[in-house]
Amino acid sequence: MHIIAQLPSGQGIEQGGWRWPGADKAAFINEDVYVKGAQLAEKGKLDGFFLTDSPGIYVDMTKMPPHHSLDPLMLTALMAKATEHIGLITTMSTSLHEPYNIARAMRSLDLMSKGRAGWNVVTTGAAPVLLNYYPEILNHDEKHARSTEVWEAVLKLWGSWHKDALKLDVETGLFADSSLIQPINYKGKYVTTRGPINMPPSQQGMPVIFTAGGGNYGYEFATTKADAMYSNPPTLEYAIAFWKSMAASIRQAGRNPDQFTVFNGIGVSIASSEKEALERRAALDELGDPKSRWQYLGYMLNIPTSGIDPDKPIPAELLKRAYPSPSDQRSQYAYDLVKKGFTVREVLAHGPINYHPIFLGTPESIADKFQQWFEAGVGNGFSVVPDSGLDSLTDFVEQVVPILQKRGLLRTAYIGSTLREHLGLPYQNGLPEQKVIATSAK
Ligand SMILES: Cc1cc2nc3c(=O)[nH]c(=O)nc-3n(C[C@H](O)[C@H](O)[C@H](O)COP(=O)(O)O)c2cc1C
């Protein structure tokens, strides 16, 4: 089992997390919170710490922090100095950056972390983010065509400095073999870069290629070009079917699905009993925007929610009219919970409308859930999002991880030193077919 950890906005998955007792209210701009998060993930011998990124504001600022604020590259640079083993995966959108910027920044992180970097390749869908960079929203097909070019140019730039080029020969005075550091002269329709890159490969060659995206283009990119994917499955059934389809497509592309990990995003809420975990989640919900959640639940069940009492089950006459919405796959779970007679608050505390499925309860029962999903075949990986920031990540690392380790599902010590080694990937520098051509004899 492979696990990476996330701390969205420095506070966790819940909208009202910044109001949680004891939480740093301004964690979203506190770099120490993120660095501590990476150190905690390393304490748990996890594979990596993961930072998504969409630079812009598209939430109601009266209620919550922006999803992304501090520059994740700068955060990972701090993390690199504060940790020794944990992988550091950060997002750089192919729509928002030039290939040379990405190649240089990610290689810097890879060298500074001694081979622990991962590049999360995204195309960015959010209009408020794209409009920070362009006068208007990009044409969808062109955005993806550009993305493929950026990916190709970045990998070629990385491969433009051969791993044997650096000589550092004090005796002869040969610093580097320049025949092994060559321009790539990349000229695409959307991006152009001459190269070569201005520094050597790291211990793992180049960063691990992650991706996170929906739609046909995202799927095609993941199965033909990436090593790992951050996915957001609405249900276990979806996650199983998704990995089955991914594995077949990866094989079809002539690649090995054993060398690919899907990191399924999972929220965790840990307590000493299931009842307590539900109470904890209900209290967190209350700090967010409970009314909009009740409304969304009504949408999922096709019933009006104005005037309902959140502390009571849905009235019987309304329940008769309810049915799960086919447009949201999580609706069936919400419907099942309502049918069991939980109150509206309790139904929502189970997490049927959260961005990620929620594993809640005791450390033991949460470990059971991870094992159940893992054994059901969901692509071997999880991206864990705590419910209320560092305290909840601490509970995960100190209480759930040891159980998974005891069951032989998670490593108890790092064996390799690079992120590629953590994920069972071979050394790679540049595109597989790329060779630096020696043009000058030494
Ligand atoms: C699970 C998941 C995570 C994503 N994370 C990011 C992110 O961190 N930054 C970003 O700019 N876009 C992110 N995206 C958006 C994708 O890059 C992509 O734009 C989106 O899936 C819409 O596809 P489109 O670009 O084809 O319209 C994410 C998408 C998904 C499904």
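Every number for a ligand or one of its atoms is a count from 1 in the order of the listing. We use all heavy atoms of the structure for the numbers below, so side chains are in, but hydrogens, waters and symmetry mates are not.
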Item to check | Mode of H68 contact toward ligand 1 - side chain, backbone, both, neither (heavy atoms, under 4.0 Å) | outcome: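 For H68, there is no contact with ligand 1 at all, from either part.
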
Next on the checklist: Looking only at the side chains, is there a donor atom on one of Y299 and D328 sitting less than 3.5 Å from an acceptor on the other?
Outcome noted: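 No.
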
Checklist entry - With distance as the sole criterion, is a donor-acceptor pair present between the side chains of D47 and H2 under 3.5 Å? => result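 Yes, side-chain donor-acceptor contact under 3.5 Å.
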
Next on the checklist: As a check for students: among A212, G56, G214, G265, identify the option with a heavy atom nearest to atom 16 (C) of ligand 1.
Outcome noted: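 Looking at heavy atoms only, the winner is A212.
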
Enumerated ligand 1 atoms positioned under 4.0 Å from heavy atoms of [X]:
| X | answer |
| --- | --- |
| H140 | 24 (P), 26 (O), 27 (O) |
| K143 | 24 (P), 25 (O), 27 (O) |
| Y230 | 1 (C), 3 (C) |
| T52 | 8 (O) |

Which protein non-hydrogen atom lies closest to [atom], naming both residue and atom, and how far is it?
| atom | result |
| --- | --- |
| atom 9 (N) of ligand 1 | D53 O, 2.5 Å |
| atom 11 (O) of ligand 1 | T124 OG1, 2.6 Å |
| atom 18 (C) of ligand 1 | T123 OG1, 3.5 Å |
| atom 15 (C) of ligand 1 | G125 N, 4.2 Å |
| atom 6 (C) of ligand 1 | V122 CG1, 3.8 Å |

Checklist entry - Using the benzene-type ring in the case of Trp, are the ring centres of F50 and F263 under 6.0 Å apart? => result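 Distance test on ring centres: not under 6.0 Å, no.
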
Checklist entry - Run the side-chain hydrogen bond (donor to acceptor under 3.5 Å, both in side chains) check on S269 and R281 step by step: do they pass? => result CA-CA 7 Å; S269 280; R281 294 194 52 74; 2.8 Å; yes

Item to check | H144 N/O to ligand 1 N/O under 3.5 Å | outcome: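 Yes, since at least one N or O of H144 sits under 3.5 Å from an N or O of ligand 1.
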
Checklist entry - Between K275 and E279, does at least one N-O distance fall below 4.0 Å, as a salt bridge requires? => result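 Between E279 and K275 there is a salt bridge, with a charged N closer than 4.0 Å to a carboxylate O.
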
Item to check | Salt-bridge criterion met for E98 and R146 (N-O under 4.0 Å) | outcome: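 Salt bridge flag = yes for R146 with E98.
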
Checklist entry - Can you check whether D227 reaches R255 side chain to side chain, under 4.5 Å on heavy atoms? => result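 Side chain of D227 against side chain of R255, heavy atoms only: contact under 4.5 Å found.
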
Item to check | Nearest-0.5 Å distance, CZ of residue F49 to CG of residue L75 | outcome: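 Output value for this atom pair is 8.5 Å.
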
